[in-house]
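Report on one structure; see the data block that follows.
Since the structure is predicted, the reported quantities are computational estimates derived from the model, not experimental observations.
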Amino acid sequence: MIATANSELPTCAYIATGGTIAMKIDPVSLAPVPALSGEDLLATVPAVARIAKLEVNNLSNVPSDYMGPKRWVALHHAVTEALASEDVAGVIVSHGTDTLEETAWFLDLTIDSDKPVVLIGAQRNASVPDFDGPRNLLNAVRVCTSPEATGKGVLVVLNNQINAAREVTKTHTADVESFKCGDFGLLGTVDEDRVIFARAALRRQCISLETDSLPYVEIVSMYGGADGGLVRAALQLGAKGIVIQALGFGNVNAEMFEAIQECIAAGVPVVISTRVPNGRALPLYGFAGGGSTLKAAGAIFADNLSPQKARILLILALQKFSTPEAIQVLFDR
């Protein structure tokens with residue numbers, strides 16, 4: 001644990017999970033690999049000591065490509081435990097950017113606290129001169145200790161920008177300004193002199209984590225010429241729910257439609273999302289496989305959630321509900 005000496009400063013829990021923010025170039029492979037602990041990263045940001053005391057928990061040091069339900073559950077428990085301490089003002093989680101939006105959304109759905117939870121990452125590793133990890137950590141501390149961050153849900157802070165977990169997505173493979181909220185824009189910014197919030201994310205809900213063993217839910221993509229075989233394969237593999245990355249408003253071809261009908265008939269909920277970055281999936285078109293026919297067949301519509309975020313909501317929904325009607329209520333909130 002690293003903590004600053006000033007007892008008057010607020011305390012933030014800092015949970016390190018890995019990712020590019022914890023990587024350096026390996027001299028043998030000449031490629032970024034996990035290398036830094038939470039203490040190592042914190043040591044690069046001495047200015048933190050003037051803002052808050054940080055208690056470091058090195059939960060893992062893995063690429064975020066390795067994150068999934070089991071690690072999400074472990075992180076949920078670590079965050080919940082930290083927030084339960086009266087001395088902790090909020091929690092900061094450092095994480096790889098590839099699945100950062102998924103982890104943020106999982107925590108936003110399952111953490112029942114008004115205290116700030118701030119996720120950060122880095123687009124550049126610690127071996128490059130313009131490593132963005134230290135700035136993002138410093139900004140996370142500033143946001144985590146800001147009174148205005150209270151009750152805003154899980155926040156994603158990179159490149160001086162504050163985004164909401166439900167809305168944010170990674171939009172560029174390399175740029176430091178990669179995380180954006182599409183149609184809705186930033187929640188706020190971290191300026192040199194202060195943290196400024198311009199709005200709050202209103203579409204929030206909490207779904208309690210009933211068990212550490214979460215149901216298997218698959219994502220299947222619709223594309224020109226898809227024949228429904230992967231939908232049937234997911235069913236045979238034991239998927240308890242399936243998310244379709246559909247086209248446009250939420251449309252598929254006749255072959256995919258037939259496979260989806262088979263899943264619904266077998267009692268496996270099917271959620272229709274879209275590969276289009278902005279806008280809602282809506283049951284609009286009436287051709288076989290169009291949104292209105294999917295809805296009539298019993299499919300659930302994901303509203304404006306991406307396929308990866310729709311999968312997380314479906315995973316959590318299946319802890320309690322099995323009917324399309326009950327699950328659709330959660331997607332409509």
Side-chain angles (χ1 to χ4, degrees), residues 1-17 19-22 36-57 79 82-83 85-97 100-101 103-104 107-108 111 113-124 126 130-165 167-168 176-181 185-201:
M1 181 182 78
I2 286 183
T4 55
N6 189 344
S7 61
E8 299 301 318
L9 294 176
T11 297
C12 296
Y14 169 32
I15 302 173
T17 68
T20 297
I21 195 169
L36 302 180
S37 67
E39 289 88 351
D40 293 333
L41 183 60
L42 183 55
T44 69
V45 199
V48 165
R50 299 191 296 271
I51 304 171
K53 299 181 291 182
L54 260 60
E55 297 179 345
V56 181
N57 175 0
V79 172
L83 292 172
S85 171
E86 292 184 5
D87 296 332
V88 170
V91 174
I92 298 163
V93 178
S94 58
H95 193 286
T97 60
L100 188 150
E101 65 200 72
T103 298
L107 293 176
D108 193 60
I111 298 295
S113 175
D114 283 338
K115 292 181 180 180
V117 177
V118 181
L119 268 71
I120 60 166
Q123 289 286 81
R124 296 165 182 165
D130 54 350
F131 177 37
D132 53 325
R135 177 178 62 172
N136 291 335
L137 178 56
L138 177 61
N139 285 341
V141 175
R142 294 177 62 196
V143 171
C144 196
T145 56
S146 169
E148 291 187 15
T150 301
K152 295 291 197 303
V154 175
L155 306 171
V156 173
V157 176
L158 286 92
N159 198 44
N160 293 17
Q161 298 172 337
I162 308 169
N163 287 290
E167 303 159 1
V168 73
V176 293
E177 191 171 328
S178 175
F179 283 80
K180 299 180 185 295
C181 280
L186 305 174
L187 295 187
T189 58
V190 187
D191 289 347
E192 291 296 322
D193 60 336
R194 63 190 178 108
V195 174
I196 300 173
F197 279 92
R199 69 178 184 94

| said: One pair to check against side-chain hydrogen bond (donor to acceptor under 3.5 Å, both in side chains): N160 and N139. What are the steps and the verdict? | reply: CA-CA 7 Å; N160 293 17; N139 285 341; 2.8 Å; yes
Output for pair (N136 CG, Q123 CD), nearest 0.5 Å, gives 9.0 Å
CD1 of I120 to CG of L138, rounded to nearest 0.5 Å, is 10.0 Å
Quick note, side chain to side chain donor-acceptor pair (under 3.5 Å) partners involving residues 142-154, not counting sequence neighbours, are none
Value for CG (L9) from NZ (K53), rounded to nearest 0.5 Å, stands at 7.5 Å
Interatomic distance, OG1@T17 vs CG@L119, rounded to 0.5 Å, equals 7.5 Å
Interatomic distance, SG@C181 vs CD1@I162, rounded to 0.5 Å, equals 11.0 Å
Taking every heavy atom of L42 against every heavy atom of L137, the minimum-distance pair comes out as CA-CD2, 4.0 Å
side-chain hydrogen bond (donor to acceptor under 3.5 Å, both in side chains) filter on N163, not counting sequence neighbours, yields none
inquiry  = Closer than 3.5 angstrom, by distance alone: can the side chain of T103 be matched with the main-chain N or O of L100 as a donor-acceptor pair?
reply    = no
Handout entry: Heavy-atom check, side chain of D132 versus side chain of N159, under 4.5 Å
Key = no
Residue set satisfying salt bridge (Lys or Arg N to Asp or Glu O under 4.0 Å) with R124, at least two apart, ordered chain then number -> D130
| message | Walk me through whether L186 and F197 qualify under side chain to side chain contact (heavy atoms under 4.5 Å, CB included). | response | CA-CA 9 Å; L186 305 174; F197 279 92; over 6 Å; no
| query | If we only count heavy atoms from C-beta on, is the V176 to L158 side-chain gap below 4.5 Å? | reply | no
For E167, the salt bridge (Lys or Arg N to Asp or Glu O under 4.0 Å) test, sequence neighbours excluded, returns R199
Residues passing the salt bridge (Lys or Arg N to Asp or Glu O under 4.0 Å) test with E177, sequence neighbours excluded, are K180
Legend entry - Exam field: side chain S85 to backbone D87, donor-acceptor pair closer than 3.5 Å: yes
What one should report as the nearest heavy-atom pair of A13 and V88 is N-CG1, 4.0 Å
**Study point:** Residue pair F179 / V157, side-chain heavy-atom distance below 4.5 Å
**Key:** no
In terms of heavy-atom contacts, F131 and I21 come closest through CZ-O, 3.4 Å
Note: L41 and T44 closest approach over all heavy atoms is O-OG1, 2.5 Å
Closest heavy-atom pair, A104 versus V156, reported as atoms and distance to 0.1 Å, is CB-CG2, 3.8 Å
In this structure, CD1 of I15 is separated from NE2 of H95 (nearest 0.5 Å) by 11.5 Å
Tightest non-hydrogen contact, residues S94 and Y14, listed as OG-OH, 3.0 Å
Across all chains, not counting sequence neighbours, the salt bridge (Lys or Arg N to Asp or Glu O under 4.0 Å) partners of K115 are none
- Item | Evaluation steps, side chain to side chain contact (heavy atoms under 4.5 Å, CB included), between V190 and V143 | CA-CA 8 Å; V190 187; V143 171; 3.6 Å; yes
